[in-house]
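Report on the structure given below.
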Amino acid sequence: MDNKLFTPGPLNTKLSVKEAMLHDMGSRDKEFISVVKEIREELLLLAGVTKDEGYDTVLMQGSGTFGVESVISTAIPADGHLLLITNGAYGDRIGEMTKVYGIKTTTLSFKENIVPPAQDVEEVLKTDISITHVAIIHCETTTGIFNDIESIGHLTRKYNKIYIVDAMSSFGAVPIDFKGFDIDFLISSSNKCIEGVPGFSFVIFRVSSLEGCKGSARTVSLDLYGQWAYMKNSNSFRYTPPIQTILAFHKALESLKEEGGIPVRSERYQQNYHRLIEGTEALGLRTYLDKRDQGYIITSFLFPDHHNFDFTQFYEKLHERGQVIYQGKLSDTNCFRIGNIGQLYLEDIENLLLAIKEVLNEMGVTF
Ligand SMILES: *Cc1c(COP(=O)(O)O)cnc(C)c1O
């Protein structure tokens, strides 16, 4: 049996999703083209937007970062100015990109356990009128914190800025009011909450915000405008698509619908999360974030304050038991992470809790 992946992705997927990959198909195959068409329609439905309202979506080969980079390197023109709001490694990664492309960037940086307050953002938008774009991570997977993309969205509307949201680890499981939050570009990928396998990312966007970006891309392969112009009506890719991954994703979307859509998946993940917190608290573990800021996708746990605790051993012993947790990513605090998304149910959380209890006992970490 496969290991249980308590990570932010790749995740455990359904057998039917894996089975959907058992086909050879050409990239110009009619059957494949109609799969891409259906995926694009379904993604717009999930986002609660329509083509008639001026929205569209593009699939982009590569992992989630490739999708983020395609937006950053295409949507912000040479004379653009990005306000980057960051409180973790994924936000900082956008900063790395703008540096490489020489995009003028103002960075509002917060500690990893702080939800960036909207007033701080407004202060910058009010004083620096040269800002054209605003970017933020929704669920900052570094900690699992949920950022307030709603309030910041209202500000981007008020100050008339293009709004870029990295909703990689939340889209499909956390309700997002695309129009209400005034989002221009939202990025997510195949192997997070939709529960597909890795291989591509997708961008859902307001057409009027991409339309003017012809020729503004800094790369050929990640040119989001180029990809859209090509895919828009043809539902085919400029370069080789990850066919099997796309077939799996098509199945995964079907499966999400069968489960009851975003509200029901959200409910399952929340149940997983609540049981995880209850169980780990009973074992004496503490979370890094304040509960009120903690999302229900992934949680950072502080290393137990005990001289016998050793993370490598903890990880290995859990792995031997088929339970895969994730290392921490915090800049200044020792943490490990436990995700509760993917094909995970309450019984899987119970098994993980039992395994953690056993391993802590074996290591002599007792409270
Ligand atoms: C997973 C993730 C990404 C993309 O990471 P990849 O390793 O490229 O798939 C980007 N942003 C966030 C918030 C994520 O959780």
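First listed ligand is number 1; within each ligand, the first listed atom is number 1.
Considering backbone and side-chain N/O of Tyr90, none are found under 3.5 Å from N/O of ligand 1. The shortest N or O to N or O distance between Ser189 and ligand 1 is not under 3.5 Å.
With no hydrogens or angles considered, a side-chain donor-acceptor pair links His81 and Thr106 at under 3.5 Å. Defined by atom type and a distance below 3.5 Å, a donor-acceptor pair is missing between the side-chain atoms of Thr65 and Glu69.
Counting protein heavy atoms only, atom 15 (O) of ligand 1 is closest to Thr141 OG1, 2.4 Å. Of the protein's non-hydrogen atoms, the one nearest atom 3 (C) of ligand 1 is Met168 CG, 3.4 Å. In terms of protein heavy-atom proximity, atom 11 (N) of ligand 1 is closest to Asp166 OD2, 2.7 Å.
Contact annotation for Thr65 and ligand 1: heavy atoms of both the backbone and the side chain come within less than 4.0 Å of the ligand. For Lys192, every heavy-atom contact with ligand 1 shorter than 4.0 Å involves the side chain, none the backbone.
In this comparison of Pro8, Ser63, Ser190, the heavy atom closest to atom 8 (O) of ligand 1 sits on Ser63.
No cation-pi contact links Arg286 to Phe301, judged by a cut-off of 6.0 Å to the six-membered ring centre and 45° from its axis. A cation-pi contact links Lys329 to Tyr90, judged by a cut-off of 6.0 Å to the six-membered ring centre and 45° from its axis.
Within the 4.0 Å heavy-atom cutoff, Val68 does not count among the residues contacting ligand 1. Heavy-atom separations between Arg93 and ligand 1 include at least one value shorter than 4.0 Å. Within the structure, ligand 1 has Cys139 among the residues with a heavy atom less than 4.0 angstrom away.
Each of the following atoms of ligand 1 lies closer than 4.0 Å to a heavy atom of Gly64: 4 (C), 6 (P), 8 (O), 9 (O). For ligand 1 and Ile137, the ligand atoms under 4.0 Å from any heavy atom of the residue are 13 (C). Listed by atom number, the atoms of ligand 1 under 4.0 Å from Ser169 heavy atoms are 15 (O).
For the atom pair NZ (Lys192) and OG (Ser201), the distance works out to 11.0 Å, reported to the nearest 0.5 Å. Taking CD of Gln343 as the start and OG of Ser255 as the end, the distance is 6.0 Å to the nearest 0.5 Å.
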Check against side chain to side chain donor-acceptor pair (under 3.5 Å), Glu53 and Thr50 | CA-CA 5 Å; Glu53 294 167 327; Thr50 65; 3.3 Å; yes
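A salt bridge (Lys or Arg N to Asp or Glu O under 4.0 Å) with Asp56 holds for exactly one of Lys232, Arg40, Arg206; it is Arg40.
Ring planes of Phe205 and Phe185: parallel class, angle under 30° (limits at 30 and 60°).
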